[in-house]
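The structure under discussion appears below in the form of C-alpha cells.
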Number of protein chains: 2
Amino acid sequence: MAIPRAAKTQRRTRIQEEKEERILEAALDVFSSSGFRGSTIDQIAEAAGMSKPNLLYYFRTKEAIHRQLIDRVLFTWLEPLRAFDAEGDPEAEIRSYIRRKLEMARDFPRESRLFANEILQGAPHIEDELKGPLKELVDEKAEVIRAWARAGKITGCDPYHLIFSIWATTQHYADFDVQVRAVLGQESAGEGRFEDAARFLEQLYMDGLRIRAD
Amino acid sequence: MAIPRAAKTQRRTRIQEEKEERILEAALDVFSSSGFRGSTIDQIAEAAGMSKPNLLYYFRTKEAIHRQLIDRVLFTWLEPLRAFDAEGDPEAEIRSYIRRKLEMARDFPRESRLFANEILQGAPHIEDELKGPLKELVDEKAEVIRAWARAGKITGCDPYHLIFSIWATTQHYADFDVQVRAVLGQESAGEGRFEDAARFLEQLYMDGLRIRAD
DNA sequence: GTAATGTTTTACCAATCGGTCAAATTATCG
DNA sequence: CGATAATTTGACCGATTGGTAAAACATTAC
C-alpha cells in the first residue's frame with residue numbers, strides 16, 4: 001500500500017532523492033526554455049527518462065515542481081548580492097559583484113532564464129518573495145552604496161538603479177544569449193564573449209565612456 | 001461563397017482592417033504575458049471580443065498572428081538604433097539613444113516583453129532575422145562607434161557590448177517591470193522610476209561611477 | 001522467507017488544445 | 001430590390017493537456 005508522495009515516514013529514500021533530483025534537473029531544462037505554461041509534464045517526464053505517472057508519484061503537480069525549482073534558484077541567485085560587503089573596498093566589491101554575476105550567467109544560464117521567464121510573465125508564483133526578502137536585501141545593500149557615496153568613496157548615484165543595471169547587463173548574456181550570439185556572429189563562437197563583456201562592463205562601471213568634449 | 005482569409009480581391013475591407021487590428025492588439029496582450037506556447041487562441045479571441053472561428057477567419061493559425069506581431073515589433077524596435085547618426089556628436093547620439101530606448105520601454109512594455117519572450121525561448125521564429133538584418137545593422141553602428149573612438153571622441157571600448165548593455169539596461173524596465181516595482185516599493189508607484197533610471201544611466205554612460213582611490 | 005512498504009506501469013479520464021466545416025447571417029454593389 | 005461576396009456562428013474533430021486508479025512489481029525490514 002502506497003501513501004507515497006513525500007513519504008509516510010519522514011525519512012526520504014535513496015531512490016526518492018535520486019529521482020527527485022533527476023526530475024528537477026529535467027524540469028529546469030524544460031521550464032527554462034518554454035516557460036511554465038508552455039511546458040508539459042510529458043516533456044519533463046521524457047527528459048527525466050521516466051513515465052508521466054511515475055514523475056507524478058514524486059511531485060503531485062506541475063506547479064509543485066516549478067515552485068521547488070524557483071525557490072532554489074531564487075536563493076542561489078542572490079548569493080552574490082548577499083556577499084556584497086559593506087566593509088570592503090567599493091571598487092573591489094562592485095568589480096567582484098559584476099564578475100560573479102557574469103560567471104553565473106555563463107555557468108547557469110538555465111537558472112537565469114527560468115527566473116526571467118517567471119518575471120516576464122508577471123511573477124505569479126513569487127511576487128511575495130520579491131516584495132519581501134528580495135526587497136529587504138536590496139534595501140540593505142543600497143544603504144551600503146549610499147554610505148560609500150556619503151564617505152566620498154564613490155560618485156553619488158541612485159543605488160537601486162545601479163543594482164538594476166548590473167542585473168540587467170550581466171543576465172542579458174544568459175537570457176538573450178541567442179541574440180548575442182546572432183549579432184556577434186560565429187567567428188566569436190567560443191566563450192570569449194564573456195571575457196569581452198567582463199572587460200567592457202568593468203570599464204563602463206569604473207570610468208564610463210569618458211566622453212571628451214570636442 | 002467565401003474564399004476569405006486575406007481576401008480574394010486584393011483590396012482589404014474596412015471590416016478586415018479593423019478586425020485584424022483588434023486581433024493583433026489582443027494577441028499582443030496575451031503573447032507578451034504568456035509567451036507563444038503559453039497562449040491560446042481562445043484567450044486571444046476572448047480578449048479581442050470575438051469567437052474563435054471568427055478570429056481564425058482572419059488569421060489561419062496561431063503562428064500567423066504571432067509572426068505578424070513579431071515582424072512589426074522587430075521593425076519598430078530597431079528605429080532608435082537606425083536613427084543613430086554617424087555624423088552626429090557622440091555624446092548627444094548616445095544620450096539620445098538611451099533616452100529613446102528608455103521611452104520605448106516605458107511606452108511599449110508589451111512589445112518589449114513579446115520580443116523578450118521570443119528570444120528567451122530560443123528565438124525559434126526569428127533566428128534568421130537576428131543573424132541577417134539585425135546583425136548587419138549592429139555591425140554598421142558598431143563601426144560608427146569604433147570610428148568615434150579612433151577619432152579620440154570617445155574612450156575605446158567594445159562597441160557590441162556597449163550596444164548590448166544599452167539594450168539590457170533600458171529593456172530591463174519593461175521586461176522586469178514586476179521586479180523593479182517590487183524592489184522599489186509602492187512609495188515610487190508613479191512613473192518616476194523612468195526619470196530616475198534616465199538620470200542614472202546618463203551618468204553611468206557619461207562618467208562611470210568615477211570611483212576614487214582611497 | 002515473508003510481510004510491509006515503496007515504486008512503476010497500464011489503462012484511463014475530463015478538459016482543453018488548435019483548427020475545420022457548413023450553414024446562417026450580414027454587408028456591398030449594381 | 002436582388003445577387004453576390006464577406007462575415008459570423010455553432011457544432012464538431014482528433015490530439016494533447018494535467019492528473020488519477022489500481023494493480024503489478026521491487027525493495028526493505030524483520
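A quick note: this is a predicted structure, and the numbers were derived from the prediction, not measured. Below, read A as the first sequence line, B as the second, and so on, with proteins coming before strands; counting in each chain starts at 1.
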Between [X] ([atom1]) and [N] ([atom2]), how many Å, whole number?
X	N	atom1	atom2	result
A:Leu55	D:dT17	CG	P	14 Å
B:Glu46	C:dG18	CD	P	14 Å
A:Arg60	D:dT20	CZ	P	9 Å
B:Asp42	C:dC17	CG	P	5 Å
A:Gln43	D:dG19	CD	C1'	16 Å
A:Lys62	D:dG18	NZ	P	4 Å
A:Glu63	D:dG19	CD	C1'	13 Å
A:Ile41	C:dT16	CD1	C1'	14 Å

**Q.** SB check A:Glu20 A:Arg22 (cutoff 4.0 Å)
**A.**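 Not counted as a salt bridge, because no side-chain N and carboxylate O are separated by less than 4.0 Å.
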Q.
If the threshold is 4.0 Å, N to carboxylate O, is there a salt bridge linking A:Glu195 and A:Arg199?
A.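 Between A:Arg199 and A:Glu195 there is no salt bridge, as every charged N stays at least 4.0 Å from the carboxylate O atoms.
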(Q) Under 4.0 Å, heavy atoms only, any strand: does A:Thr40 hit a base, just the sugar-phosphate, or nothing? (A)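 Sugar-phosphate contact only.
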Q) At under 4.0 Å between heavy atoms, what does A:Lys19 touch on the DNA or RNA strands: base, sugar-phosphate, or nothing? A)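 Sugar-phosphate, backbone atoms only, no base.
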(Q) With a sphere of 6.0 Å drawn around CD of A:Gln43, does it hold more than 12 non-hydrogen atoms of other residues, nucleotides or ligands? (A)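 Enclosed.
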Q. Between the side chains of B:Ser112 and B:Tyr173, does any donor sit under 3.5 Å from an acceptor?
A.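 No pair is found: no donor N or O on one side chain lies under 3.5 Å from an acceptor on the other.
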Counting side-chain heavy atoms from CB outward, which of [options] is closest to [X]?
X	options	answer
B:Tyr58	D:dT9, D:dT7, C:dT7	D:dT7
A:Lys52	C:dG19, D:dT17, D:dG19	D:dG19
B:Pro53	C:dG19, C:dT20, D:dG19	C:dT20

Q) Any cation-pi pair here, A:Arg82 with A:Phe75, using under 6.0 Å and within 45°? A)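 Yes, A:Arg82 lies over the aromatic ring of A:Phe75.
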Is the phosphate of [N], meaning OP1 or OP2, less than 4.0 Å from a side-chain N or O of [X]?
X	N	answer
B:Ser51	D:dT9	yes
B:Asn54	D:dT9	yes
B:Gln16	D:dA6	no
B:Tyr57	D:dT7	yes

